[in-house]
Amino acid sequence: MRGNDSKTDLLAIDDLSGRLSEIIDWAIRIKNDEEALYDFKPLDGMTVGSIYEKPSTRTRVSFEVGVSRLGGQPLTLLAGDIQLGTSESIADTAAVLSRYMDCITYRCFGHGDVAELAKHSTVPVINALSDMHHPCQAAADMMTIVENSDKMNGHVAWVGDGNNVLHDLVLGCATLGYDIVFATPQGFEPDESVISRALEIAEKTGSKIEGVNDPKQAVEGAGAIYTDVFVSMGEEHMDGKMGSFDGFQVNEELVSNADDDYIFMHCLPAHRGEEVTDGVMDSPNSVVFDQAENRMWAQMSILTLLCNEVAWQTYWELR
Ligand code: CP
Ligand code: NVA
């Protein structure tokens, strides 16, 4: 049987706790030293399986390419093609896949499903997006913020829905000591238990976390402005939801309240003309495609840590 009792799962970004900063440093180093990968194959002989119950461009492709670059074999399993959810339980699927694979990533609807897979798997499980958390996105987001930290101030603003991407962004900002103000419409605030967790972390790091309902208040003097779609995957049935976001579009007028050197962030895919205008998405302040690229580097760092910690720890000493 593969795996061991001391495996680390990544269900939400705070599962990495104090290691997030090291993970980002490692990712930035590997990004800037591509030659390193000529002779560094920490996933050699390993297989990383990825289950998708929802569509994906960035997560799927960045995992497939990242695993290959690390010398491993990626295997993508689309929900309709496997027995999971139709004639086999999550627990039994976890037990079976753990016999073949060295790591499993899972994009699902309810967060409880990825938690269940992790509970019954003997190999590390990475949440590739659930309704509550998107830790791989947050790792790339925090990497992008760190990369831009020379020019941007440390005040991050969120404008939009209190969703999965915001949850891990707040936890990531709290962990690395960035301040974050999130503006959400009334009734669409982030989950209280996630914010409590973030506030606990922030007590130690000194990060300030604040929730408001006014986008202008959130972006005042901001160093980064982040938005995401107003209606997430799985919420398409919530017909009236869009109507609650009047005034929450990130447009030229709103960003004029930010610091001149602010960076614009979006996890993508973006619905241009809804939560963000073309003018903001395509402006020189926009780092959205750097964020998308960083998904791969951040996940390569996480995969190496979770699947081959010795290589992760010693690699830079040996070079
Ligand atoms: N940001 C993100 O997770 O994109 P995909 O849905 O394309 O994977
Ligand atoms: N909040 C969005 C993020 C997509 C990457 C969703 O869950 O659909």
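For clarity, every value in this text was computed on a predicted model and none was experimentally measured.
With Ser62 as the fixed residue, the side chain to side chain donor-acceptor pair (under 3.5 Å) test singles out one of Gln299, Arg295, Glu293: Gln299.
Rounding to the nearest 0.5 angstrom, the gap separating the SG atom in Cys173 from the CD1 atom in Ile180 is 4.0 Å.
Hydrophobic clustering (ILVMFWY, side-chain heavy atoms < 4.5 Å, transitive): Phe109 and Val165 are in distinct clusters.
Using a 4.5 Å heavy-atom cutoff, the side chains of Cys267 and Tyr226 are in contact. Counting heavy atoms from C-beta outward, Phe40 and Thr304 have side chains that approach closer than 4.5 Å. Using a 4.5 Å cut-off on side-chain heavy atoms (C-beta onward), Pro190 and Trp158 make no contact. Contact of the Leu306 side chain with the Lys7 side chain is not registered, since no non-hydrogen atoms from C-beta on lie closer than 4.5 Å. Side-chain contact between Asp261 and Met152 is absent, with no heavy-atom pair separated by less than 4.5 Å. Taking the side chain as every heavy atom from C-beta outward, His134 and Asn163 never approach each other to under 4.5 Å. For the pair Lys151 and Ile263, the minimum side-chain heavy-atom distance is below 4.5 Å. Between Trp26 and Met143, every side-chain heavy-atom pair lies at or beyond the 4.5 Å cut-off.
Ile209 approaches Ala202 most closely through the heavy-atom pair CD1-CB, 3.8 Å.
A salt bridge is absent between Asp131 and Lys54; no separation between the charged side-chain nitrogens and carboxylate oxygens falls under 4.0 Å.
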Step-by-step side chain to side chain donor-acceptor pair (under 3.5 Å) determination, Thr227 to Glu275: CA-CA 7 Å; Thr227 191; Glu275 75 275 5; 5.9 Å; no
message: What verdict does the salt bridge (Lys or Arg N to Asp or Glu O under 4.0 Å) test give for Arg272 and Asp282, after you've listed the backbone C-alpha separation in whole Å, the side-chain angles of each residue and the deciding distance to 0.1 Å?
response: CA-CA 10 Å; Arg272 290 169 178 256; Asp282 300 328; 2.9 Å; yes
task: List the steps and the verdict of side chain to side chain donor-acceptor pair (under 3.5 Å) for His133 and Asp168.
output: CA-CA 6 Å; His133 291 287; Asp168 286 53; 2.5 Å; yes
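The side chain to side chain contact (heavy atoms under 4.5 Å, CB included) check on Asn285 picks up Tyr262, Ser283, with sequence neighbours excluded.
A donor-acceptor distance shorter than 3.5 angstrom exists from the side chain of Tyr52 to the backbone of Arg60, with no hydrogens or angles considered. Checked by atom type and distance alone, the side chain of Asp259 never pairs as donor or acceptor with a backbone atom of Ala222 at under 3.5 Å.
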Please report, to 0.1 Å, the donor-acceptor pairs under 3.5 Å made by any side chain of residues 73-83, with sequence neighbours excluded.
{"unit_1": "Thr76", "atom_1": "OG1", "unit_2": "Glu64", "atom_2": "OE2", "d": "2.4"}
{"unit_1": "Gln83", "atom_1": "OE1", "unit_2": "Ser87", "atom_2": "OG", "d": "2.9"}

